[in-house]
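Here the structure is a predicted model, which means the values were calculated and not measured.
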Amino acid sequence: MVATRRTRKRKNSPGEPSTQSSSSSTQASKKMKVEQQKGQQSKGKGKDREDDMTEEDLVNIQAANDEQEDEEDDIEEDDEEEDDAIDWENIQLPLRFENQDSIKEDIDADTLTVYNDVEIVMKTPRVVLKESNWEKAYQRNLRQWMHHSHVVLLIAHYKLRNEWCLNANMKNVCLSVIPDNCMRLLAKDSSESALKTGIKWLVKWWQEFFVLTGPGLLTKPYLEVENHYNGFKTLKEWIDSHQSDQNGDYIEDLEAFMQLLVSKAGTRDTSAEVFAAILRACGCDVRLVASLQPLPYKIPPSTTSKTAAEDPPQETTEDSSNKPIFKYRAPTKAYVDPNVQLKEAKAKPPTVWCEVYCTDSKRWMTIDPIRGHIDKPTLMEPATLNRTNHISFVLAFDNQNKVTDVTRRYTSNIDKAMRLRDRPLTRREKEGGMKPWSETMLARVCHKKITERDRLEYEEMEKQQSRQVMPSAIGAFKNHPLYALERHLLKYEVLHPKEPVLGSIRGEKIYPRSNVKTVNTAVNFRKQGKQIKTGEQPIKMVNANVFTIEKKRLQEQAKQDGYPLSVACYGEWQTEPYIPPPVINGKLPKNEYGSIDLFTPNMLPQGAAHIPIKGIGKLARKLGIDYADAVVDFDFVKMRAVPVTDGIIVIEQEKWLLLEAWDEHEQAEAIKAIAKQEKDVYIRWRKLIKSLLIKARVDRAYEPQNNVDKWENFNSNKGGEADVRGGGFLPESDQEDN
DNA sequence: GTGCAGTAATCGCCTTTGTGAAAC
DNA sequence: GGTTTCACTTTGGCGATTACTGCA
């Protein structure tokens, strides 16, 4: 849409558009009106252009305020002066101007472009401000909260499903469909081989009996879920969409669950769940095992999400109806029946399966009723590159609906599983004794009564975890609990001592992890109440962290001098407890700032005493007692380190004198406070009594009976002049006073 | 198929001795 | 007018970690 606009070029910078804050939109429309009217007046040059007046101009005219007329006169004068500068040109208008109803609404939201003195509301891209740290932290917390909530809800979900599998009616329905021969095989004897044979037949029958419609619950990238949820306005809308989604694994109630068994079709998850009920109906001790697929708590790097969005879906059976069509969705990938694909022996592992307890071997056997694997727990671990199935929480729900964490049985990388469970605690959180959320949550969810069976299972999983052989890939040495390579040492880590060498990989020596030691700067050790032994040489030099303005200056200086600003690091074995200089001749050993560092109690100088009372320094000064502020920590404000003090340090002999004086001072302060309080009480009472007296006087003057009488007096005087002074409304006494 | 270097993104750690205005 | 208290502030660089790509 192109419109011809009357514009006036600025004398100093012709044709150069400038912008103005959108908050001035009202003013803008007023000016627009003025401009339009000027256009009508200046017929010589503007007449032929008037016909080209756009809809927005008309709207802006309507929106103009009459109060602007005074301003208009002033502008008219200017207009005459600048008439020669008027110019016309064609400009491209945004499409939305075609709908004039929307203009008013949009005016505030859009950017005003001042083109000379004609202001055009244009749809311009907003300036994307850098996300603040607060916003980032909020989003991070939100993601974490969603992750936690999702884990809890998934546990509740599987507890409910397991409860359905335990239901007596469900058992009856199961018994009505199980072939007799399978029942007979399972009831034969309790040996492991007999149990396996029985289950094998049952699984074979089940694979043919139950038709798979989709994969069930899978992990979805955070951004995909966020977009998905944003698409619904209400919770009901969302629930409705899931009820109609065949792969969403939504089952309304137990009846619907039983109906799926009767109709012989459902998702992969449902199949495994119903199979647990089938096994229970056959008299087996069964656990329903679920590998929870919660919403991740962290967003992967954008490259990840980008490629994830462009890659073909991992599970070809996933519903694609609501997804955008990408280039790759060409006929290269033909539709594969989930009932065929998911049941293949080499198919990707499911997220729900079963465990059957064998009383003979006293252990739990893994049953994958989907792919038909029996007692093969290692096959339940998804590939590292599988984006829709991650192992973090593998929970088993038994026939009493008790929960057991069996993750270690199903993953070769328990560290990764732990990382996926929860955000790692920060150093401060660990120091503060905080426990990971998942640990606390599982302690509440999992059953606490440990039986002999549980103990054996725990030991078996422990053994499995400790069976770790020396890695054959360099990358696998990173964070390995037993072995370490020099290349993977962190900034504040060294190998001490550099022996024994346990082996080598591609020419690199392998050291025991126990030889990896953390080092620290002398300043950091001082904060721990330690000092570097005399004559010790730094074991490592690291780049200094530049945080404070002073450090920044030093760094700049170092840069100019042509060397990096580095700092010496020492190992713990190179330190000894810090011994502060003692009090000599009653003189406190203050530092250059007039304070004493007291990061740990052992930093208190011999012969001195610490009094951790706020404000006591003032009293000490009053009494002429020498003291130093006790610096216990640092705060960092505006790129500056600010010492945090906790009371004062005085020489030991003066401690009690000062404390006695402090007691007296406190008592005197208390007496003062009581006196002040009493005074305040008297003032309040006085105020209250005065208020009550005034109220009583007002009530007396305006009480209803009095008012009726006065109103009657007023009406009787209607013919003549009313007593404006109040017609006697004021009490007589007051009138007299007046 | 596997290992590895490089890359990009996220996120937490580190930092070590003020300042100005308002209230008292 | 001197002293004390309080609010100010979410910086910014770096390293660890992770997941991916591309190459050997």
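Per the geometry, CG belonging to A/Asn524 stands 9 Å off C1' belonging to B/dC14, to the nearest Å. Between the P atom of B/dC13 and the CG atom of A/Asn520 lies a distance of 15 Å, rounded to the nearest Å. Taking atom OH of A/Tyr492 as the reference point, atom C1' of B/dC13 lies 10 Å away to the nearest angstrom. With rounding to whole Å, A/His488 atom NE2 is found 8 Å from B/dA5 atom P. Whole-Å rounding puts the A/Arg526 CZ to B/dT17 P distance at 12 Å. For A/Lys618 and B/dA23, the NZ to P distance is 17 Å, given to the nearest whole Å. Counting to the nearest Å, the P atom of B/dT17 and the CG atom of A/Asp646 are 20 Å from each other. Separating the CZ atom of A/Phe525 from the P atom of B/dC14 is a distance of 14 Å, rounded to the nearest angstrom.
With B/dG18, B/dT17, C/dT17 as the candidates, the nucleotide lying closest to the side chain of A/Asn591 is B/dT17. Side-chain atoms of A/Arg487 lie closest to B/dA5 of the nucleotides B/dT17, B/dA5, C/dA16. Considering only side-chain atoms of A/Pro643, the nucleotide from B/dA5, B/dG18, B/dT17 that sits closest is B/dT17.
Within 4.0 Å of A/Asp597, counting heavy atoms only, lies at least one base atom of the nucleic acid.
A salt bridge is absent between A/Lys540 and A/Glu493; no separation between the charged side-chain nitrogens and carboxylate oxygens falls under 4.0 Å.
The backbone N or O of A/Ser392 sits less than 3.5 Å from a side-chain atom of A/Arg421, completing a donor-acceptor pair. Between the side chain of A/Asp368 and the backbone N or O of A/Ile370 there is at least one donor-acceptor pair closer than 3.5 Å. A side-chain donor-acceptor contact under 3.5 Å links A/Gln574 to the backbone of A/Gly571.
Remark: the separation of the P atoms in C/dA7 and B/dT17 is 24 Å, to the nearest Å. Separation of the P atoms belonging to B/dA21 and C/dT9 is 13 Å when rounded to the nearest angstrom.
Judged purely by distance below 3.5 Å, without hydrogens or angles, the side chains of A/Thr534 and A/Glu536 never pair a donor atom with an acceptor atom.
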